[in-house]
**Q** 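Dumping the structure here so I can ask a few things about it.
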Amino acid sequence: MPEASLAKTYDPAGTEARWQAAWETAGAFHPDPAAPGEPFAVVIPPPNVTGSLHMGHAFNTALIDTVVRFQRLRGRNVLCLPGTDHASIAVQTILEKQLKAEGRSREELGREAFLERAWAWKAESGGTIVGQLRRLGYSVDWRRERFTLDAGCSAAVVEAFVRLHQQGLIYRGEYLVNWCPASGSAVSDLEVEMKEVDGHLWHFRYPLADGPAADGRTHLEVATTRPETLLGDTAVAVNPVDPRYAALVGRRLRLPLVGREIPIVADDHVDPDFGTGCVKVTPAHDPNDFAIGQRHNLPLVTVMSRDGTMNEAAGRFQGLDRFAARTAVVEAMEAEGCLVKVEPYRHSVPFSDRGKVPVEPLLSTQWFVRTEPLAARCRDALADPAGPSPRFVPERWSKVYRDWLTDIRDWCISRQLWWGHRIPAWFVVSETGGVITDTTPYVVARDAAEARAQAEAQFGGGTHAHPLVLEQDPDVLDTWFSSGLWPFSTLGWPDAAAADLARWYPTSVLVTGFDIIFFWVARMTMLAGAFLAEEGRPPAAWMPFADVYIHGLVRDEQNRKMSKSAGNGIDPLLLIERYGADALRFALVREVAGAGQDIRLDYDRQSDTSATVEAARNFATKLWNATRFALLNLGGETPASLGEPDPAALQLADRWILSRLARVNQETAERYASYALGEAARGLYEFAWNEVCDWYLELIKRRLNPGENPSPEALADQRTARQVLAKVLSELLVMLQPLMPHLSEELWHGLTGAAEGEFLALQAWPTANGAALDDALEASFLELIEAIRVVRNLRAVAGLKPSQPAPVQFVSGRPELAALLRQASADIAALTRAESVTVLDPAGAETARAQRTLAGVSGELQVLLPLEGLVDLDSLRGRLEKDIAKAEKEIAGLSGRLANPNFAGKAPPEVVAECQANLAEAQAQAELAR
RNA sequence: GCGCGAUUAGCUCAGCGGUAGAGCAGCUGUCUUACACACAGCAUGUCGCUGGUUCGAAUCCGGCAUCGCGCACCA
């Protein structure tokens, strides 16, 4: 037996915690790869272990969970796999900060102790976000939770590295990389963010080394935003077609402060119209200059160390921090009379994403992934004749993805950090005097033993005097390298026979924000291409996901991007505590509009309240109360015990709501399936509130309470109403489950009396009853609703108290409408407090109108309220005048249109006919109002 | 510089070729036995500007403006 009733108010906190525990204990979302049902898999974007839940996670979670819960209802064998990311730089930064506070450094601690500490930190603090994700009611399989640094993922990383190396897609070499002095590591191009800063442009004079030019010039003038790099200049470049300098190309300049002679070279890169048309060239400290240097075979002079201080090549500036050196160089240049001028200058400076300091382009030996072959495979997949793979939703993001893959640079994957996957390369240091140099030979292997075997094969076993000594590369891999394997490493790859991999790969959809299309999405597709794209396999078979659903950002109440540094984040947990997780989820999804636009969450920082989330909470309460109402009126029966209603017994309202139910079912399923989640949420909201609660529940109240000593007919009708009510409500709860899982679970249990161990989340999506669909009925029901509205409006105009009964008369020349109104007269009476409802034909209306009546119109329907006294004539006149004005405006517009011969001639006949009908109606309306 | 998105009621946004919509907020009533986190009713717009296509444009096309984002970047 179901509970006889629900508590008067809904308590989200208790309910949510209870169902979360019940689902998890029962393993409700722990799928069996051997179970039937078409597979549907999603791996969640693993949040950083350092993180705590922010609104972006809540949003992403709400969207993913809505999709997977829907697919589960549809009978798919759903795997939704959770996990976290080890976040190499972020974790290391936190730990180094801690060490610094203790007056220590990681070098003092040593690698092993440092890593021990890191794991301890992870064990202690790494679970925060996972616990917070649980509070959203995420229907993931917690038993399959993964971590990018766990044993399985680590093995996958090693395997991936080894195979890429075998394929010739990984190389090591000295290149100009983005060096982050704050983290002491190289970072990839993607981790560099250009920021506009107010700086200066210093103009310097470089004297000609070999005497004045033919025209008497003794020097060239160059401009720079980074004077400290001057120390590493190895040329000055001019444009080859620049007449000012043509004669000087090939001559030499003396570099001030340093004294080095450097050539004047001609290079297309130089824009003759900018500044003086002369560019100082520092190949070791600027990417463009590096390229110029390559073209002209210029030497590379590195003047800076990895910690951001000047090195021995900087001469007297050695030891200075790069920014101190800047000042010092300018002062020295001024002292030498080589400073021409300084002007303020706003320009872009590359900043490290993580370190928040300017990155330094620095020559360094690093590991790289050769990306072009992988990118090409992805571009081909996107252009696959069988359809793009993956399919982006909204489609426009595929262009962003493709463009990035089209002009891609190699990916620097080594990081000079300790927390992460250590690079599986062993240097044969015995070949280079016991240390790792840029030229030390190395082997790439799965472990030390394999490395030794390889090295011995290559270099022999060594001798007693000179044993073969191997040392593993101390560096770790970019965190995104392991993230890039996530969709298959978590399913068991590289074990091709792994049950999960066989069952759920490729996954169905990736749901994520556009900000990590390059970082993550493209890396996953490229790496999948490297390992899972066998010859002849179509892209859809190896791409890690069929669809990529890209959603927007959650912005704050002022439309600002939420960010930690700006401190404008809105804490999801605060909102969950105040309104419930279901309310937050529903609010977020409901805000989603069409094509992945950003959503804005309104928020009052004084009171920590949000009208948007509050509205969703109110909706939850509405559903709670509607179910309470049902429980009070179902006589202790359940949807199952009541059974399906007899179609022959259905009343007008029943047929209407069942038609609406079937339609909403179809629409909602289609919307969920096509990621139109905002539309799905809004559609259900409107159906539940405006149709089920506002109209259907009101309409059946009389039938549910047939009074004392009811007739057998009344009892039968009561049962019909109960059957329909139970059906509508229980199916509505199923449809809402993906959006509001806890509330719907709770209400469904209340309504059905299902056992504790049974879950709404695991029920089947209700079959839409196509036979119940009835367009004509829905249309005429709208007319009925409209008629009731007119009556209510007239009563309001007349100033009638809601409780005061009054007679109502309808006049319609349309027999069907008249019949409908007669059929529904008892309903109308109930909903308008009518003491009587009369439906007249136009002929009979004359007499009625002769009395003192209030009149209103809806379409061609007249509504009359015969009232003696109590009528506020002024407001009535006001209203009627408004009606007339509106009708006249319409008449003018429509007749103008009809008078245009082009319209009548060219517009489709049905449009013209509709226009004529509308005109006739408007004229009738104006007439009536007068 | 190149590209993308946005611009509709006070606010948040739907609508994307046939007479401008919703939800909040606002105003007026109401304890009508599920719900005042509610019910009923009422207001509210040169659909950014400007050309064009069309019988007809918020909707399609061209320009412009403003805001936002991405990519590239001149020292």
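Proteins get letters first, then strands, A, B, ... in listed order; numbering begins at 1 in each.
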**Q** In chain order, what residues pass the ring-ring contact (aromatic ring centres under 6.0 Å, His included) check against A:Tyr206, with sequence neighbours excluded?
**A**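 A:Tyr206: no ring-ring contact (aromatic ring centres under 6.0 Å, His included) contacts found.
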**Q** Can you check whether A:Lys801's main-chain N or O pairs, donor with acceptor, with A:Arg795's side chain at less than 3.5 Å?
**A**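 Confirmed, A:Arg795 side chain pairs with A:Lys801 backbone.
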**Q** Can you tell me if A:Lys701 touches the phosphate of B:A34, counting only side-chain N or O atoms and a distance under 4.0 Å to OP1 or OP2?
**A**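 For B:A34, OP1 or OP2 has a side-chain N or O of A:Lys701 closer than 4.0 Å.
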**Q** Of the options B:C24, B:C37, B:C73, whose atoms approach the side-chain atoms of A:Ala611 most closely?
**A**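 Given the options B:C24, B:C37, B:C73, the side chain of A:Ala611 is closest to B:C24.
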**Q** Closest to the A:Pro908 side chain: B:C55, B:C73, B:A75?
**A**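 Output: B:C55.
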**Q** Which is true for A:Cys693 with a 4.0 Å heavy-atom rule: it touches a base, it touches only sugar-phosphate, or it touches nothing?
**A**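 Answer is base: heavy atoms of A:Cys693 come under 4.0 Å of a base.
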**Q** Is it the case that the side chains of A:Asp608 and A:Tyr603 hold a donor-acceptor pair, with the cut-off being a distance below 3.5 Å and no angle test?
**A**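 Their side chains do contain a donor-acceptor pair, which is all the 3.5 Å distance test asks for.
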**Q** Looking at every strand, decide which applies to A:Ser803 at a 4.0 Å heavy-atom threshold: base, sugar-phosphate, or nothing.
**A**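 The answer is nothing, as A:Ser803 stays clear of every strand by at least 4.0 Å.
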**Q** Rounding to an integer number of Å, can you tell me how far A:Asp407 CG sits from B:C73 C1'?
**A**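 Atom-to-atom, A:Asp407 to B:C73, this comes out as 13 Å.
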**Q** Compare the minimum distances between each of B:C69, B:C35, B:A72 and the side chain of A:Phe514, then state the nucleotide with the smallest one.
**A**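 Output: B:C69.
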**Q** Would you call the rings of A:Phe619 and A:Phe586 parallel, tilted or perpendicular, where under 30° means parallel and over 60° means perpendicular?
**A**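 Tilted, since the angle between the ring planes falls between 30° and 60°.
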**Q** Could you tell me whether the phosphate oxygens of B:G41, OP1 or OP2, come under 4.0 Å of any side-chain nitrogen or oxygen in A:Arg792?
**A**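 Result: yes.
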**Q** Touch check for A:Leu697, heavy atoms < 4.0 angstrom, all strands: base, sugar-phosphate only, or nothing?
**A**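 If one applies the 4.0 Å heavy-atom cut-off, A:Leu697 turns out to touch a base.
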**Q** Measure from the side chain of A:Asp694, starting at C-beta and using heavy atoms only, and say which of B:C55, B:U32, B:C39 lies closest.
**A**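 The nucleotide sitting nearest to the side chain is B:C39.
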**Q** As a test of reading the structure: which of B:C55, B:G29, B:A22 is closest to the side chain of A:Glu686, going by heavy atoms?
**A**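 So the nucleotide nearest the side chain must be B:A22.
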**Q** By the 4.0 Å heavy-atom rule, please label A:Glu591 as base, sugar-phosphate, or nothing.
**A**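 Sugar-phosphate contact only - A:Glu591 comes under 4.0 Å of backbone atoms but never of a base.
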**Q** Could you list by number each residue of residues 264-273 of chain A showing a heavy-atom separation from RNA chain B of less than 4.0 Å, or answer none if no residue does?
**A**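 Correct list: A:Val270, A:Asp271.
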**Q** Any idea which of B:G41, B:G18, B:C35 is nearest the A:Ala796 side chain?
**A**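 Of B:G41, B:G18, B:C35, B:G41 is nearest to the side chain of A:Ala796.
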**Q** Once you round it to whole Å, what is the distance between P of B:C69 and NE2 of A:His551?
**A**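 That distance rounds to 17 Å.
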**Q** How is A:Ala615 classified with respect to the nucleic acid when contacts are heavy atoms under 4.0 Å: base, sugar-phosphate, or nothing?
**A**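 The residue A:Ala615 makes no contact with any strand.
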**Q** Parallel under 30°, tilted from 30 to 60°, perpendicular over 60°: which one fits the rings of A:His200 and A:Trp202?
**A**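 Tilted, since the angle between the ring planes falls between 30° and 60°.
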**Q** Using the C1' atom on both, measure B:U7 against B:U12 and round to a whole Å.
**A**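 The same atom, C1', in both gives a distance of 14 Å.
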**Q** Can you tell which of B:A75, B:G68, B:C13 lies closest to the side chain of A:Arg600?
**A**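 So the nucleotide nearest the side chain must be B:C13.
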**Q** Stem ranges for RNA chain B, with three or more consecutive Watson-Crick or G-U pairs under 3.5 Å?
**A**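 For RNA chain B the paired stretches long enough to count as stems (3 pairs minimum) are B:1-7 with B:65-71, B:10-13 with B:21-24, B:26-30 with B:38-42, B:48-52 with B:60-64.
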**Q** Can you say whether a donor on the side chain of A:Arg617 sits under 3.5 Å from an acceptor on the base of B:C37, or the other way round?
**A**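 Per atom types, the contact qualifies.
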**Q** CD of A:Glu395 versus P of B:G5: gap in Å, rounded?
**A**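 Rounded to the whole Å, the gap is 11 Å.
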**Q** What is the distance, to the nearest angstrom, from the CG atom on A:Asp598 to the P atom on B:G68?
**A**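 Answer to the nearest Å: 13 Å.
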**Q** Starting at atom CG of A:Leu751, determine the distance to atom P of B:A34, rounded to an integer number of angstrom.
**A**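 Taking atom P of B:A34 as the reference, CG of A:Leu751 is at 17 Å.
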**Q** Taking for each residue the nucleotide of RNA chain B with the nearest heavy atom, is it A:Trp689 or A:Lys561 whose nucleotide lies nearer the 5' end?
**A**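 The residue mapped nearer the 5' terminus is A:Trp689.
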**Q** Taking the nucleotide of RNA chain B with the nearest heavy atom to each, does A:Leu190 or A:Ala630 sit closer to the 5' end?
**A**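 The residue mapped nearer the 5' terminus is A:Ala630.
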**Q** Quote, to the nearest angstrom, the P distance that separates B:A9 from B:G21.
**A**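 So the two P atoms sit 14 Å from each other.
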**Q** Please determine, for the side chain of A:Arg396, which listed nucleotide (B:C4, B:G18, B:C37) has the closest atom?
**A**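 So the side chain of A:Arg396 is nearest to B:C4.
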